[in-house]
Novice: 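Dropping the structure in here first, questions after.
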2 protein chains.
Amino acid sequence: MLSHAEENYLKAMFHLTTMAESSNETGTNALASYLDVTPATVNDMLKKLKEKDLVSYEKYRKITLTQKGKDYAVDIVRRHRLWETFLYEKLDFSWDEVHEVAEQLEHIKSKKLIEQLEKFLDYPVTDPHGDPIPNAKGKIKYQKRKTLAEIPIGSICKLVAVKDTSASFLQYAMKIGLGLSSTIEILNRHEFDGSIEIKVNKSRSTVSLKFAENLFVV
Amino acid sequence: MLSHAEENYLKAMFHLTTMAESSNETGTNALASYLDVTPATVNDMLKKLKEKDLVSYEKYRKITLTQKGKDYAVDIVRRHRLWETFLYEKLDFSWDEVHEVAEQLEHIKSKKLIEQLEKFLDYPVTDPHGDPIPNAKGKIKYQKRKTLAEIPIGSICKLVAVKDTSASFLQYAMKIGLGLSSTIEILNRHEFDGSIEIKVNKSRSTVSLKFAENLFVV
DNA sequence: TAATAAAGTTAGGTAAGCCAAACAAATATT
DNA sequence: AATATTTGTTTGGCTTACCTAACTTTATTA
Ligand SMILES: [Mn+2]
Ligand SMILES: [Mn+2]
Ligand SMILES: [Mn+2]
Ligand SMILES: [Mn+2]
């Protein structure tokens, strides 16, 4: 049974490796800045996690999760996303409010709790941000997703997920009328800075390239 | 914002004073044995809680909660009982399983969470053990309750709450057919050891005085 | 009241999780 | 290849929440 802190490190590693597909390995500094602690602190913790066979790590080398570490991390992600779904579906939390509370709830230790919660929510497949919820066996159904930035002019697409889940990003998205399943029409694209004119619910907005890259659509 | 540990001390004090009506004050040893830590540890914590104006305490003297401490404790009890109700009502937890998980859930920090949870549960007034749930303002509706041990032979009464909420006690209660709202008929009482013959759901059992003292009935 | 028992306190110590500052290794740049 | 920069590590120190063992005060009982 791991501590809150240990679980947070595993989840952070999972996000920086397996999930942010890129490279599968990460480093002390990256983890430190992701978790908002110092590299020294990360270093201490890595020794403990290595001892428990959750990460593989040699001094001055890159860090990866072991299979055991990966399995554990997926379970934390599962708990997090189920709680987000509960807050959103049952307790009227908004898109941008769920994350903070789920960060706490994900650490509650009870197998039965999570299984019953999943059942109560009727086995949801995605969380309020459109991210897939791993099943009890740790299986994650990834769907290939394009960002809004890749869609050609004139197309109509549907928002299925968001990359950034910070409150400020989500609040901005809500402000221009965007929610999960919103229909988006691409009206025009300014080559100059990559900004895009879109239509959502009959209202037009111009959004930056950076913003568009954080919206996943089909 | 208090730590898990600090919250646990406040709740323990509340149980040992205000709730277990008796004396309104308690001591280092009583707290230590209730929380399963050493008196030395309690002593350390008491100094911290005094600093924060949550308990009033002078060296070698008895300990009481301040009004501030009492208010905080009631809020923890409220959270605990709302979560127990949620687990029991919505997630199919049994009588004896709710407490352990609620011990963890009660520490989640989010005002909105508790208010929405209460709303979602439709403002319940008692938890699965029959104990009153404080409202958002900290008001607790106590009902005067007798124990089964005080009921005369021949009477019929209804179980409204249990004093002991340990899994072993609750499992035994379930085994002889008892649940909240069960109807109990007192058939006979053995003066010798105080044990009582009762009928629940048409089946007879003989229970000890100690057991009877842990059942509240009307 | 004096001795004994019980209750409470203090001193010194541990592990977890964090930090800053000094240092070492690896990588990038010239 | 030499140097500079980035990345990672070590050391010593801090706080919280625990502990044991020795001690002091208060309460009980002879
Ligand atoms: Mn989240
Ligand atoms: Mn999410
Ligand atoms: Mn309980
Ligand atoms: Mn209860």
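Residue numbers start from 1 in every chain, and the chains themselves are labelled A, B, ... in the order their sequence lines are given, proteins ahead of strands.
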Novice: What's the closest nucleotide to the A/Asn29 side chain, out of D/dT7, D/dT9, D/dT20?
Specialist: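 Output: D/dT7.
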Novice: Could you tell me the separation between the CE atom of A/Met45 and the P atom of D/dT10, rounded to a whole number of Å?
Specialist: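 Taking atom P of D/dT10 as the reference, CE of A/Met45 is at 16 Å.
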Novice: Check the phosphate of D/dC19 against B/Thr38, side-chain N and O only, distance under 4.0 Å to OP1 or OP2. Yes or no?
Specialist: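 B/Thr38 to D/dC19 OP1/OP2: side-chain N or O found under 4.0 Å.
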Novice: Provide, to the nearest angstrom, the distance between the CG atom belonging to A/Leu49 and the P atom belonging to C/dA16.
Specialist: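 About 12 Å, once rounded to whole Å.
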Novice: For D/dT9 and A/Lys47 - does any side-chain N or O of the residue sit under 4.0 Å from the phosphate oxygens OP1/OP2?
Specialist: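 Answer is no, no contact under 4.0 Å.
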Novice: Starting at CD of A/Glu51 and ending at P of C/dA16, how long is that distance when rounded to a whole Å?
Specialist: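 Spelled out: CD on A/Glu51 to P on C/dA16 is 11 Å.
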Novice: Tell me the interatomic distance from A/Glu58, atom CD, to D/dT9, atom P, rounded to whole angstroms.
Specialist: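 Rounded to whole Å, this separation is 10 Å.
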Novice: Please check the phosphate of C/dG8 (OP1 and OP2 only) for any side-chain N or O of B/Asn43 closer than 4.0 Å.
Specialist: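 Checking C/dG8 against B/Asn43, no side-chain N or O comes under 4.0 Å of OP1 or OP2.
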Novice: Which part of the nucleic acid, if any, lies within reach of A/Ala5 when heavy atoms closer than 4.0 Å are counted: base, sugar-phosphate only, or nothing?
Specialist: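 Sugar-phosphate contact only.
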Novice: Would you mind reading off the distance between B/Asp44 atom CG and C/dG8 atom C1', rounded to a whole angstrom?
Specialist: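 Taking CG of B/Asp44 and C1' of C/dG8, I get 12 Å after rounding.
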Novice: Please determine, for the side chain of A/Val37, which listed nucleotide (C/dT10, D/dC18, C/dC18) has the closest atom?
Specialist: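 Among the listed nucleotides, the one closest to the side chain of A/Val37 is C/dC18.
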Novice: Have a look at B/His80 and tell me which of B/His99, B/His129, B/His107 forms a ring pair (Phe, Tyr, Trp, His ring centres under 6.0 Å) with it.
Specialist: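 Only one option passes, and that is B/His99.
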Novice: So for atom NZ, which belongs to A/Lys52, do other residues, nucleotides or ligands contribute more than 12 heavy atoms lying within a distance under 6.0 Å?
Specialist: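 Atom NZ in A/Lys52 is packed in, count exceeds 12.
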Novice: OP1 or OP2 of D/dT25 sitting under 4.0 Å from any side-chain N/O of B/Arg61?
Specialist: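 So the side chain of B/Arg61 is outside the cut-off, no N or O lying under 4.0 Å from OP1 or OP2 of D/dT25.
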Novice: Within the structure, does a side-chain N or O atom of A/Tyr57 lie under 4.0 Å from either OP1 or OP2 of D/dT9?
Specialist: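 It does, given that an N or O in the side chain of A/Tyr57 lies less than 4.0 Å from OP1 or OP2 of D/dT9.
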Novice: Tell me: CG of A/Leu31 to C1' of D/dG8, nearest whole Å?
Specialist: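 Rounding to the nearest Å, CG of A/Leu31 and C1' of D/dG8 are 12 Å apart.
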Novice: Map A/Tyr60 and A/His4 onto DNA chain C by nearest heavy atom, then report which one ends up closer to the 5' terminus.
Specialist: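 Here A/His4 is the residue nearer the 5' end.
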Novice: From C-beta outward on A/Lys62, which listed nucleotide comes closest to its side chain: C/dG8, D/dT10, D/dT7?
Specialist: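 Of the options given, the side chain of A/Lys62 lies nearest D/dT7.
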Novice: Could you check which of D/dT20, C/dC18, D/dC18 has an atom nearest any side-chain atom of B/Thr41?
Specialist: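 Nucleotide nearest to B/Thr41's side chain: D/dC18.
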Novice: Could you give the CD-to-C1' distance, from A/Glu25 to C/dA26, as a whole number of Å?
Specialist: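 My rounded result for the distance is 14 Å.
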Novice: When you compare the side chains of B/Glu6 and B/Ser3, does any donor N or O come within less than 3.5 Å of an acceptor on the partner?
Specialist: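 There is such a pair between these side chains.
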Novice: In terms of the nearest nucleotide of DNA chain C, which residue is placed more toward the 5' end: A/Lys59 or B/Ile63?
Specialist: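 Upstream on the strand: B/Ile63.
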Novice: Between B/Phe93 and B/Phe86, is the ring centre distance below 6.0 Å?
Specialist: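 Judged by ring-centre distance (under 6.0 Å), B/Phe93 and B/Phe86 do not meet the cut-off.
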Novice: Taking CG from A/Asp36 and C1' from C/dC18, how many angstroms apart are they, rounded to a whole number?
Specialist: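 Checked: the CG to C1' distance equals 12 Å.
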Novice: Check this for me: B/Lys146, atom NZ, are more than 12 non-hydrogen atoms of other residues, nucleotides or ligands nearer than 6.0 Å?
Specialist: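 Counting neighbours around NZ of B/Lys146, 12 or fewer heavy atoms of other residues, nucleotides or ligands fall under 6.0 Å, so no.
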